[in-house]
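A short write-up of the structure that comes next.
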Amino acid sequence: MAQQEVQNGGSEVVFTAMKPQLLVEAPKASDAVQFYKAAFGAVETSRTTQPKRKADQELPHIISAQLQLAGSTILVSDIPEQSPLTAGAGIAFCLETDDVEAAMSKAVAAGAVAEHEVSEGTEGSCVGSGRVGKVKDPYGYVWFICAPDKKPCSEAEA
């Protein structure tokens with residue numbers, strides 16, 4: 001993975017990764033992980049749990065799960081109790097595939113809701129996209145499913 005060096009007040013800071021974190025309503029992180037696996041083929045690479053906190057909880061509480069999805073890493077976590085944060089606020093994702101319709105069908109079958117029909121990239125969602133569809137997952141996040149634009153950059157920008 002490429003590293004980015006940043007000058008900050010005379011000292012060097014090296015970032016080794018950037019991992020978007022999806023916050024979902026507690027205690028639904030485990031359900032969200034299963035959804036992302038079923039809908040988008042994500043692979044869980046690690047999980048941090050907290051032991052039972054209350055007698056009525058049967059399973060350990062997920063603090064954070066790390067997923068690999070389309071060459072990227074994302075974290076899925078429950079929103080901490082009494083946090084002012086809300087799930088899905090102002091965040092959207094774009095996944096590229098050659099079969100937008102099949103990907104949309106798979107996401108909907110796993111529990112997502114189609115936000116609009118597949119169309120040419122008029123939604124402004126994916127840079128340089130050809131066909132695009134849009135789903136909202138059960139946790140409030142918007143996912144644009146796009147076919148990559150096959151035109152060379154110079155033609156796409158014209």
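All heavy atoms count here, side chains included; hydrogens, waters and symmetry mates do not. Fair warning: this is a prediction, and the values are worked out from it, not measured in the lab. We number each residue from 1, following the sequence as shown.
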Looking at [X] and [Y], what are the two nearest heavy atoms and their distance?
| X | Y | result |
| --- | --- | --- |
| Y141 | W143 | O-CD1, 3.5 Å |
| V108 | A114 | CG2-N, 4.0 Å |
| A107 | A39 | CA-CB, 3.8 Å |
| A38 | K106 | O-CE, 2.9 Å |
| A92 | F144 | CB-CE1, 3.9 Å |
| A147 | V100 | N-CG2, 3.4 Å |

To the nearest 0.5 Å, tell me how far [X] [atom1] sits from [Y] [atom2].
| X | Y | atom1 | atom2 | value |
| --- | --- | --- | --- | --- |
| E101 | I145 | CD | CD1 | 10.0 Å |
| Q34 | K28 | CD | NZ | 15.5 Å |
| K19 | I74 | NZ | CD1 | 11.5 Å |
| S119 | K134 | OG | NZ | 10.5 Å |
| T73 | Q68 | OG1 | CD | 3.5 Å |
| F93 | F40 | CZ | CZ | 10.0 Å |

### Message
Within the structure provided, determine whether E44 and V33 are in side-chain contact (heavy-atom separation under 4.5 Å).
### Response
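Side chain of E44 against side chain of V33, heavy atoms only: contact under 4.5 Å found.
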
Between [X] and [Y], is there shared hydrophobic-cluster membership here, with clusters defined by ILVMFWY side-chain heavy atoms closer than 4.5 Å?
| X | Y | answer |
| --- | --- | --- |
| V76 | I91 | yes |
| V142 | V132 | yes |
| L22 | L69 | yes |

Any donor and acceptor pair, going by atom type alone, linking the side chain of [X] with main-chain N or O of [Y] inside 3.5 Å?
| X | Y | value |
| --- | --- | --- |
| D137 | G111 | no |
| S64 | S77 | no |
| Y139 | L23 | no |

### Task
Evaluate whether atom NZ of K136 has more than 12 neighbouring non-hydrogen atoms of other residues, nucleotides or ligands under 6.0 angstrom away.
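Open.
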
### Query
Going through the checks in order, is the side-chain contact (heavy atoms from CB on, under 4.5 Å) test met by T45 and L67?
CA-CA 6 Å; T45 58; L67 305 176; over 6 Å; no

### Step-by-step side-chain contact (heavy atoms from CB on, under 4.5 Å) determination, V118 to M104
CA-CA 8 Å; V118 175; M104 292 278 295; 3.9 Å; yes

